[in-house]
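Because the structure is a prediction, the values reported are computed rather than measured. Every chain is numbered from 1, with letters handed out A, B, ... down the list of sequences.
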There are 2 protein chains.
Amino acid sequence: MDKFIDYIRNYTEHPVSSQEKDLLQQAFRPKKLRKRQYLLQEGDVCRHLSLITKGAMRQYSVDDKGGEHTVQFGIENWWMSDRESFELGSPSRYNIDAWEDTELIQIGYEDWWRLRSEIPAMRILTAEMDKRHAVASQKRIHAAITLTAEERYLEMMKSQPAFIQRFPQNMIASYLGISPETLSRIRKQAFLRGD
Amino acid sequence: MDKFIDYIRNYTEHPVSSQEKDLLQQAFRPKKLRKRQYLLQEGDVCRHLSLITKGAMRQYSVDDKGGEHTVQFGIENWWMSDRESFELGSPSRYNIDAWEDTELIQIGYEDWWRLRSEIPAMRILTAEMDKRHAVASQKRIHAAITLTAEERYLEMMKSQPAFIQRFPQNMIASYLGISPETLSRIRKQAFLRGD
DNA sequence: GCTATGCGTTGATTTTTATCAAGGGGGAGA
DNA sequence: TCTCCCCCTTGATAAAAATCAACGCATAGC
């Protein structure tokens, strides 16, 4: 839980009292997942927000031909959830699983909203999280309608090198919305050009 | 301003005192734009969040060949801003202009954050806005990596018919990340199939 | 050590979409 | 009314990417 207080420190200097720390301690639960173990399966309701303290995960949908489409990667200090399912209590269209052995801390819906009203630092944290998420989403949408597949890959190498290093290429391809073969060709071209 | 209070009512039943109403009144300014008039030009800092009370607008980038790429449409009760530029005070990569004669109410950065801390209903409103935006963004990202151009258009017709009706087809195409010619062909196919 | 599985690469072919070009129609402004 | 500009459609061609297929390599499990 000291980890989480440290985490909040990345976002705000706002003080967290010892009473507030107790509230946080009670609300967050640790969880461990083995590589490939599900956190969420399509059709289930996402009941927790989960913060990765160690490991790597992905969120993806599976199409009617079995193809996987990755909407989100997460590594340490990233949150994993299907936001819509979490907020609305609706069955999720996504799976979330671990690509590496993973450790999380999780919080349920009621606790999340209670902490937001009772702890000012939590309000600041969530506002900041939402802001960063909005900015990142817009960039990804802009890239999707503006850039070629190769440009998107090169952009990802610059902005998210850790994902490139820790996830296999076929998952990178599915995150970029291209086939693994195309990604392989793009990488070869970039290498030959010295990018 | 009664309009804005009504607007908040869409989001929460939380009471807004007459004192709070005064604060809102002072913070929001009306603005009118003629069709095609800029609200924000690329390179400028986005200093306001703007709520459309009447009209239609778009947010788009211009590439080095002069092509326009639309990341956002807005009609009545939609907010228009470059969030990143607004929050960071950085020059925006986007333009925002009016497609129809438009009326707005605007609020600046300091006022926005002050109202958020002073008026509980504003906090609820912004949390809800962020939630809806996150859900919508995820859907758009998922569509971009999962669906064909035609499927994306058909999906847009279902989820955002007002945009289809009020914006010209070349802008719809640029929002979908496809050429106007391709959109024209897609529409013809769908029509011939009775979609 | 052996086998099976999964991943990445490569070539060929097909599909999807972009680009180029031109024509027609509608709307706005003088 | 006339002119100009913009939009949409259509056909032809080019480019980008997907799909199919096969191979080689590395890793995990027995």
*Interatomic distance where NZ belongs to A:K65 and P belongs to C:dT15 [whole Å]*: 13 Å

*Once you round it to whole Å, what is the distance between C1' of C:dT16 and CD of B:E150?*
11 Å

*Does A:S184 place a side-chain N or O at less than 4.0 Å from the phosphate oxygens OP1/OP2 of C:dT9?*
yes

*asked:* Any heavy-atom pair between the side chains of A:L24 and A:I119 that's under 4.5 Å?
replied: yes

_Would you say A:K188 places a side-chain N or O within less than 4.0 Å of OP1 or OP2 belonging to C:dT9?_
no

*Between C:dT10 (P) and A:R187 (CZ): distance, integer Å*: 11 Å

_Pair A:E87, A:Y109 - check side-chain contact (heavy atoms from CB on, under 4.5 Å), show working._
CA-CA 8 Å; A:E87 301 274 5; A:Y109 184 76; 3.7 Å; yes

_From CH2 of B:W99 over to C1' of C:dG27, roughly how many Å is that when rounded to an integer?_
11 Å

*Tell me: CZ of A:F191 to P of C:dT9, nearest whole Å?*
11 Å

*With a cut-off of 6.0 Å (strictly less than), are more than 12 heavy atoms of other residues, nucleotides or ligands near CZ of A:R9?*
yes

*Indicate, with yes or no, if the rings of B:W78 and B:F163 have centres closer together than 6.0 Å.*
yes

*Just checking B:G67: base, sugar-phosphate only, or nothing, at a heavy-atom cut-off of under 4.0 Å?*
nothing

*Can you check whether A:N170 has a side-chain N or O nearer than 4.0 Å to OP1 or OP2 of C:dG8?*
yes

*OP1 or OP2 of C:dA18 sitting under 4.0 Å from any side-chain N/O of B:S179?*
yes

*Whole-Å distance between C:dA21 P and B:R185 CZ?*
15 Å

*Would you indicate which nucleotide in D:dA18, C:dT17, C:dG8 comes nearest to any side-chain atom of B:A149?*
C:dT17

*Considering just the side-chain nitrogens and oxygens of B:Q169, establish if one lies under 4.0 Å of OP1 or OP2 belonging to D:dC6.*
no

_Whole angstrom value for the distance that separates P of D:dA17 from CD of A:E181_ = 14 Å

*Would you confirm whether the ring centroid of A:H142 sits within less than 6.0 angstrom of the ring centroid of B:Y94?*
yes

*Classify the nucleic acid contact of B:I178 as base, sugar-phosphate or nothing, counting any heavy atom under 4.0 Å across all strands shown.*
sugar-phosphate

_In this structure, how many angstroms lie between the C1' atom of D:dC8 and the CE atom of B:M171, rounded?_
14 Å

